[in-house]
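Values reported hereafter were calculated over all heavy atoms of this structure, with side chains retained and with hydrogens, waters and symmetry mates removed. Numbering of ligands and ligand atoms starts at 1, following listing order.
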Amino acid sequence: MKDAATLASPAVLASPDAYADAVATAVRAAAAYYADGTTPLGDDEYDALVRTIEAYEREHPQEVLPDSPTGKVAGGAVVGDVPHSVPMLSLDNVFSAEELDSWAAGLERRLGRPVTAWCVEPKLDGLAVAARYRAGRLTQVLTRGDGLAGEDITHAADAVLGLPGRLAEPLDVELRGEVLLTHEQFEHANAVRTAHGATAFAHPRSGAAGTLRAKDRPYRVELTFFAYDALGLPGLDHGELLARLAGLGAHTAAGTAADPRRCATLAEAQQRIDEIAALRAALPFGIDGVVVKADAVADQEQAGSGSRAPRWAVARKLQAQHKVTRLLGVEWNVGRTGIIAPRAVLEPVVIDGVTVTYATLHNPADIERRGLMIGDQVFVYRAGDVIPRVEAPLADQRTGAEQPVVFPEVCPRCGDAIDTSEQRWRCVRGRACQTVASIIYAAGRDQLDIEGLGGTRAVQLVEAGLVTDLADLFTLTREQLLTLDRMGDTSADKLLAAIETARAQPLNRVFCALGIRGTGRTMSRRIAAHFGALAAIRAADAEALAEVDGIGVEKAAVIVAELAEVAVLLDRLTAQSVGTAVTAPVVPARAGGSTAAADGVEDGAEDGAEGAEGGAAAGPLAGQHVVVTGAMTGALAELSRNAVNELVERAGGRASSSVSKRTTLLVAGEKAGSKRAKAEELGIRIVTPEEFAVLVAGQLG
Ligand code: IVH
């Protein structure tokens, strides 16, 4: 797990002026953060700033300013008007395993004995609320405010899932917990908002804050509650309390992959922190840390609380996945199929240990909806394997120097016109605009695997007019090849031989080589297995395509349109006897072997929808849903990820790239990361590549 090492060593404030500036910046940021979640600082920067302020105050205790955010709940930013019966406290933070060790040692010194047991649970990235129940009925919901008094947000309670209007028992209690927008709720909220002409939320937390406060909106945005504490249920250890809350009908983190766990030792707790951190990207909601609590109520009572935070609990912070940076420009790139996609160029920013310089910007309409301008401060989101994306501008940070994003008027690659009739813009020449890229893709290792047909050769062939599409490759003659620069007899013969081998590639690879939108390696295997021949695929209508696992109505329509576009090409390939083999041979990778990085985005994207049960297949993996992750070793070491997936399907299994409840087997190679953790959580059978090779030995030969 990455430690927030950069955050652990605060910068030094050199003068009273620098200190006063830092305090003013932190106060402004905290005020914005707690008002509506918008802040000029990312979470990491805010935490680092407060730590520099704390360091200065330790050295100069006589200079502490009254409005300093240190030692105050919510940085002293907000005041509500409804008093809390018992203060709503915050948590102290630690930023590394070492800091957690010394925090725990301090607690045990105070207790004069070891802590009985720990409870480790996710630190949910939302807003703390208190929900008051009388005789089991929800009567009032409050924000945390400054910890002493909060704001009444009872009007919003209906939209908060997991916060029952009525408990299972007629109790007088106050539930405390976090309200947030899950990733799905966040996406939905932004779709609804932009459709209503409102600006997109920059961040799920600002979305949650804004939604809880809002009244009279013309649309509904749902939120989710997670209970983690309560008043009025005394005498229960923390784990017992969570179970009791769930029993009363409140939603808790139990049942999620990051469910709260009792850990007997701190070492066990550290391990669970690492597990939750590894699961972070796969969780359906945001977390900004992991909370470690003394589980026993006796330990909690003996340790007590300070004015800001309990002494028996601490937050082990994780690096923020959202950061604020500057949008320097927008690039327009033409993809293989002629799609013209905008990409944000950012002032480099480190998010969770990775430097992010580019981020996706969906499509032109999306840029307009979000109201982005060049020079804007923008919120950038990156979680695990997710491609970084720009969420929204911080419009109130504008200086006036921002410039509108310039949209291209002609295709930035070939200068021809742009078809803007769809959300995603496209060069009117479609695939023909990017013949070279199409040929390089088709010749790739997971498609036709044509050795010797890399970038330079593809450019030569296209520029010489010898190749205008994929089918032309199969009619190339030796004489034609010899007219090319740096093409001798040996190279020409080798290339022709490689093309001949490609002619016999199985249908799934030939189909994949076409680069049809909405299909990648996995979907190509399914389509090939379903239709059996290129001519049958060409003849398929949307209804027939929708019968293939994982192809819904929408995708079927896209594929049909794409097939119509390549119809002539398909006929020419069939005439050339390309793609007549059906079964997928297991082809060793040419180079590089199989690595964790081979869990390609493309396959991941297309595998999002795992299909329903298809026709019963025979073989040792019949009925199994298999995910392969990590670097392959042993007999599989030389196989590309695609080749291993082909192997799965030849053995009767269904290959997918994402672990879900449907997954029945995970093949976990070296450096298997979050997929392994998720499979463990779900109790899925996990095998090594070597064990897997034994399972499918019959297909390997
Ligand atoms: S316990 C006395 N548990 O983090 C109990 N807080 O940065 C104090 N939070 O104010 C809180 N997940 O809003 C607790 N599992 C969790 C939490 C959690 C998120 C929030 C809460 C708290 C803030 C402190």
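The nearest heavy-atom contact from the protein to atom 5 (C) of ligand 1 is Asp229 OD2, 4.1 Å. Scanning the protein for heavy atoms near atom 23 (C) of ligand 1, the closest one is Lys123 NZ, 3.7 Å. Atom 1 (S) of ligand 1 has Lys293 NZ, 3.4 Å as its closest protein atom, hydrogens excluded (heavy atom only).
Listed by atom number, the atoms of ligand 1 under 4.0 Å from Pro310 heavy atoms are 2 (C). In summary, the atoms of ligand 1 found under 4.0 Å from a heavy atom of Leu89, numbered by their order in the structure, are 8 (C), 10 (O). Listed by number with element, the atoms of ligand 1 under 4.0 Å from a non-hydrogen atom of Ser90 are 7 (O), 10 (O), 24 (C). In summary, the atoms of ligand 1 found under 4.0 Å from a heavy atom of Pro122, numbered by their order in the structure, are 12 (N), 15 (N).
Any N or O atom pair closer than 3.5 Å counts here, and Tyr228 shares at least one such pair with ligand 1. An N or O contact shorter than 3.5 Å is missing between Leu127 and ligand 1 by distance. Between Trp312 and ligand 1, no pair of N/O atoms sits closer than 3.5 Å. Backbone and side-chain nitrogen or oxygen atoms of Leu124 are examined, and one is located within less than 3.5 angstrom of a nitrogen or oxygen of ligand 1. For the pair Glu121 and ligand 1, the shortest N or O to N or O distance falls below 3.5 Å.
Two residues are said to be in side-chain contact when any heavy atoms from C-beta on lie closer than 4.5 Å; Pro204 and Phe285 fail this criterion.
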Q) When you look at His238 and Gln300, which way does the side chain to side chain donor-acceptor pair (under 3.5 Å) test go after all the steps? A) CA-CA 9 Å; His238 186 66; Gln300 295 175 5; 4.7 Å; no

Q: Show your working on salt bridge (charged side-chain N to carboxylate O under 4.0 Å, His left out) between Glu680 and Arg676 and close with a plain yes or no.
A: CA-CA 6 Å; Glu680 281 171 359; Arg676 185 186 181 106; 3.1 Å; yes

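Defined by atom type and a distance below 3.5 Å, a donor-acceptor pair is present between the side-chain atoms of Asp152 and Thr154.
A salt bridge between Lys317 and Glu99 is absent, with no side-chain N of the basic residue lying under 4.0 Å from a carboxylate O of the acidic one.
Counting only non-hydrogen atoms, the option in Lys317, Gln300, Glu178 that gets closest to atom 9 (N) of ligand 1 is Glu178. Considering only non-hydrogen atoms, atom 22 (C) of ligand 1 lies nearest to Arg144 out of Met88, Arg176, Arg144.
Between the side chain of Asp295 and the backbone N or O of Ala117 there is no donor-acceptor pair closer than 3.5 Å. At least one donor-acceptor pair closer than 3.5 Å links the side chain of Asp146 to the backbone N or O of Ala149. Listed for the Asp259 side chain is no donor-acceptor partner under 3.5 Å among the backbone atoms of Ala253. His188 contributes no side-chain N or O that, together with a main-chain N or O of Glu184, makes up a donor-acceptor pair within less than 3.5 Å.
Among Leu180, Asp288, Ile287, Leu318, the one residue that satisfies the side-chain contact (heavy atoms from CB on, under 4.5 Å) test with Asp125 is Asp288.
Contacts between Val291 and ligand 1 below 4.0 angstrom, taking non-hydrogen atoms only, involve the side chain exclusively.
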